[in-house]
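This structure is a prediction, so every number in the text was calculated from the model and none was measured. Note: hydrogens, waters and symmetry copies are ignored here, and every other heavy atom, side chains too, is used. For the single chain, residues carry numbers from 1 onward in sequence order.
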Amino acid sequence: MTLRPARTADVRDIRRLVAPYAERRILIAKDPVAYYEGLQQFVVAELDGKVVGCGALHVFWEDVAEVRTVAVSEDARGQGIGGLIVDRLIADARELGVSRVFCLTFETEFFARHGFVPLAGDPVAPEVFNQLLRSYDEGTAEFLDLDRAKPNTLGNTRMWLEL
């Protein structure tokens, strides 16, 4: 299995990986343009020349990033691929100088094994909160626990990892 930065040719595979999770309302499907615009955030896992997993790291602020869009194909689940993707994204966060990593997930046990704990209270100082309100990214709204994000995240847990 190989982990590598995503390439434009991987967008179809990323969308294919996300689709079953989006159908079950675990992940939110995006238009193709959104995947191309955020392509530099993605890593993919290849097994025998086939993309079988993906994940992205989205930076919110100088010290905060989100692990998002972690998906593994059904036929490759249970092989530790999702864990390797998350470990890689955490390492990428450290390399970028991020000191805290956020995720919004139904898979609380999985993320807990990687050191994430439930997030309670305000994740950032009020002045940073006000700056983040200007973001158009829905993940930022989820991170800030804004009411407008609630319909998309009902039942998810906000989790946090201090690096």
**Request:** Would you please name every residue forming a salt bridge (charged side-chain N to carboxylate O under 4.0 Å, His left out) with R16, sequence neighbours left out?
**Result:** D13
**Message:** Between M159 and L119, is the side chain to side chain contact (heavy atoms under 4.5 Å, CB included) condition met? List the steps.
**Reply:** CA-CA 5 Å; M159 297 185 81; L119 171 62; 5.9 Å; no
**Request:** Flag the pair C103 / F116 as yes when at least one side-chain heavy-atom distance between them is below 4.5 Å, and no otherwise.
**Result:** yes
**Request:** Could you tell me the separation between the CZ atom of R15 and the OG1 atom of T69, rounded to the nearest 0.5 Å?
**Result:** 12.5 Å
**Request:** With sequence neighbours excluded, tell me which residues meet side-chain contact (heavy atoms from CB on, under 4.5 Å) with L3.
**Result:** M1, A45, L84, I85, R88
**Item:** salt bridge (charged side-chain N to carboxylate O under 4.0 Å, His left out) partners of D48, counting only residues at least two apart
**Value:** none
**Request:** Kindly give the heavy-atom pair with the smallest separation between L39 and A6, and that separation in Å.
**Result:** CD1-CB, 3.7 Å
**Request:** Please examine the side chains of Q79 and L47, heavy atoms only from C-beta on, and report whether any two atoms are closer than 4.5 Å.
**Result:** yes
**Message:** Between the side chains of R4 and D10, is the shortest nitrogen-to-carboxylate-oxygen separation below 4.0 Å, so that they form an ion pair?
**Reply:** yes
**Message:** side chain to side chain contact (heavy atoms under 4.5 Å, CB included) for V52 and V44? Distances and angles first, verdict last.
**Reply:** CA-CA 8 Å; V52 295; V44 296; over 6 Å; no
**Complete:** To the nearest 0.5 Å, atom SG of C54 lies from atom CD1 of I14 at 5.5 Å
**Partner residues of E162 under the side chain to side chain donor-acceptor pair (under 3.5 Å) criterion, sequence neighbours left out** = W160
**Request:** Taking all heavy atoms of A71 and all of L27, pick out the closest pair and write down the distance.
**Result:** CB-CD1, 4.1 Å
**Fill in**
Taken in chain and number order and not counting sequence neighbours, the residues that satisfy side-chain contact (heavy atoms from CB on, under 4.5 Å) with P20 are R24
**Fill in**
Heavy atoms of V98 and A65 approach each other most closely as CG1-N, 3.6 Å
**Message:** I'd like to check the side-chain contact (heavy atoms from CB on, under 4.5 Å) partners of L163; sequence neighbours left out, ordered by chain and number.
**Reply:** I90, A93, R94, V101, L161
**Message:** Per the side-chain hydrogen bond (donor to acceptor under 3.5 Å, both in side chains) rule, what does the pair list look like for residues 32-42, sequence neighbours excluded?
**Reply:** Q41-H58
**Prompt:** According to the salt bridge (Lys or Arg N to Asp or Glu O under 4.0 Å) rule, which pairs have a member within residues 72-81, sequence neighbours left out?
**Reply:** K50-D75
**Message:** Strictly distance-based, threshold 3.5 Å: is any side-chain N or O of Y21 a donor or acceptor partner for the main-chain N or O of V72?
**Reply:** yes
**Request:** Begin from the C-alpha positions of V67 and L57 and carry the test side chain to side chain contact (heavy atoms under 4.5 Å, CB included) through to its verdict.
**Result:** CA-CA 5 Å; V67 168; L57 182 71; 4.2 Å; yes
**Item:** From CZ (R158) to CD (E66), nearest 0.5 Å
**Value:** 11.0 Å
**Prompt:** Which residues satisfy the salt bridge (charged side-chain N to carboxylate O under 4.0 Å, His left out) test with E62, sequence neighbours excluded?
**Reply:** none
**Message:** The criterion is ring-ring contact (aromatic ring centres under 6.0 Å, His included); which residues satisfy it with F110, sequence neighbours excluded?
**Reply:** H114
**Message:** With heavy-atom distances below 4.5 Å as the criterion, would you say the side chains of F111 and V86 are in contact?
**Reply:** yes
**Message:** Using 0.5 Å steps for rounding, measure from the CD1 atom of I26 to the CG atom of N156.
**Reply:** 9.0 Å
